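Note that the structure is predicted; figures quoted are calculated from it, not measured. Proteins get letters first, then strands, A, B, ... in listed order; numbering begins at 1 in each.
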Amino acid sequence: MDVRADPTRQLVRLRGRSYVAFVFSPVVPIVEWLAEIDATLARSPGYFVGKPIVLDLAAVDLSSAAIAHLVNSLNERSIRVLGIEGVEEARLATNMPPLLTGGRACVITRNEPAPKPEPEAKPKPTSLLLECPVRSGQSIVFMEGDVTVLGSVGSGAEIVAGGSIHIYGTLRGRAMAGVNGNGNARIYCQKIEAELLAIDGYYQTAEEIDVSLRNRPAQAWLQGDTMKITPLN
Amino acid sequence: MAKVLVVTSGKGGVGKTTTTAALGAALAQRGQNVVVVDFDVGLRNLDLVMGAERRVVFDLINVVQGVAKLPQALIRDKRLENLWLLPASQTRDKDALTDEGVGRVIDELRSRFDWILCDSPAGIERGATLAMRFADEAVIVTNPEVSSVRDSDRIIGMLDSKTVRAERGERVEKHILITRYDPARAARGEMLNIDDILEILATPLLGIIPESQDVLKASNVGSPVTLNNAESAPARAYIDASRRLMGEEVAMVVPAERKGFMDRLLGRRAA
């Protein structure tokens, strides 16, 4: 799309600049074509919102009223038409989008890659903090690092972490630390009543955990191939 | 402002329906406009406990599907004129209920009543999730035993994630109601004690209902226990719980073993 105007005065300088816009080329019957647009919107609502859209009416022969109706129909779908091409200027009323000429086809570079670098720019968090109890049946999986729970982990709940697991409450469920092969990960809890503890694939079930450790602060770590569970104080 | 309260538990047979009827009647006795809604489609019970089983014409599913209007399906209690029942269907199954349909009915109920008590079916499937879906508050009915407590924990997790309030980032106010508490067994250490239950569930306590024959007697005659014998121990505990729901401060009483004449006699002999 091109917009050109000669600078007439110094104060208001008009410059030409070309941009990329989506081109819609409606075909008859228009109703079916609109249904097609609706189907696209149903798959990804808001896909066209805020995108520059140009209507290419070369393939259809629409009256001025029909063009107005089409533009309104698109407006109702939150699609704003920036300009119209492929039609005689006489058919466009003044309140319609302007006629555009001289468009060149080009490959649409998607807008999606633009926002992507942003999250990448931020370093990924390496710990997860949960400020509420983890309830039975809930599964917290965090492969990127440590998990801290301010509360208890219920029987039948599980925490899976790439790093260590810290529980400021009673651990009644399962805790699996260092699941990415991190043998240095540990599990800490204020009260141990765990169903299962695992570090880097080595595990102990409730039955194997020494009774004397129960109900007190404890930590679990790996010493070579064996899991050690010791009181914290 | 109308409050939607779901009575739920996860586990079956813990006393959800008894609790719904008892709390509903107790709130109605305090002058509130109350409707109790049975969500246990296919296995309805609330109509029996309320003594309205012979007056059911239309049900929740008829209203959800638009076959009947809400006023046609509502049944007024014979004892309290501000207590109503919206029964479930016994012949249909839970798949006949839709999210939007239930939401519509709840909205309509909100405009007519102060309290909407939803009696949830057991389990964590569709019926139970729909019963809690639109709740502002929840009463989690728990028996003092491990399996019931763990199921309650699961249900609390769902209340915190699957309800409309949770999805909006708000909280469903949750209360634990311990039912079938047997002081004698508690004294012998055969049941989980109350502190342990509350520690596991990390949720405030609404009341402790003692195990009692009065509950069975009341449901056999089709009456909420709070109406059948308001002086009985479970009725008083439910009435206290209903006052706490209305924001009153009521001291919590842990039911103690009441020794009868024979017990005392025998107790002395053993000593």
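Close approach to chain B, defined as a heavy atom under 4.5 Å from one of its heavy atoms, is seen in no residue of residues 198-212 of chain A. Proximity to chain B at a heavy-atom threshold of 4.5 Å picks out A/Thr170, A/Arg172, A/Lys191, A/Glu195 from residues 168-195 of chain A, in numerical order. Applying a 4.5 Å heavy-atom cutoff, the residues of residues 138-159 of chain A that approach chain B are A/Gln138, A/Ser152, A/Gly154, A/Ser155, A/Gly156. Of residues 221-229 of chain A, no residue lies under 4.5 Å from chain B by any heavy-atom pair.
Within a 6.0 Å sphere centred on CZ of B/Arg126, other residues, nucleotides and ligands contribute more than 12 heavy atoms. Open room surrounds CD on A/Glu131; 12 or fewer heavy atoms of other groups in view lie less than 6.0 Å from it. A 6.0 Å sphere centred on CZ of B/Arg171 holds no more than 12 heavy atoms belonging to other residues, nucleotides or ligands.
Put simply, CD1 on B/Ile156 and SG on A/Cys132 are 12.0 Å apart, with the number rounded to the nearest 0.5 Å.
For A/Arg135 (side chain) and B/Ser152 (main-chain N/O), no donor-acceptor pair under 3.5 Å exists by modelled atom type.
Closest approach of B/Asp153 to A/Val134, counting heavy atoms only: OD2-O, 4.3 Å.
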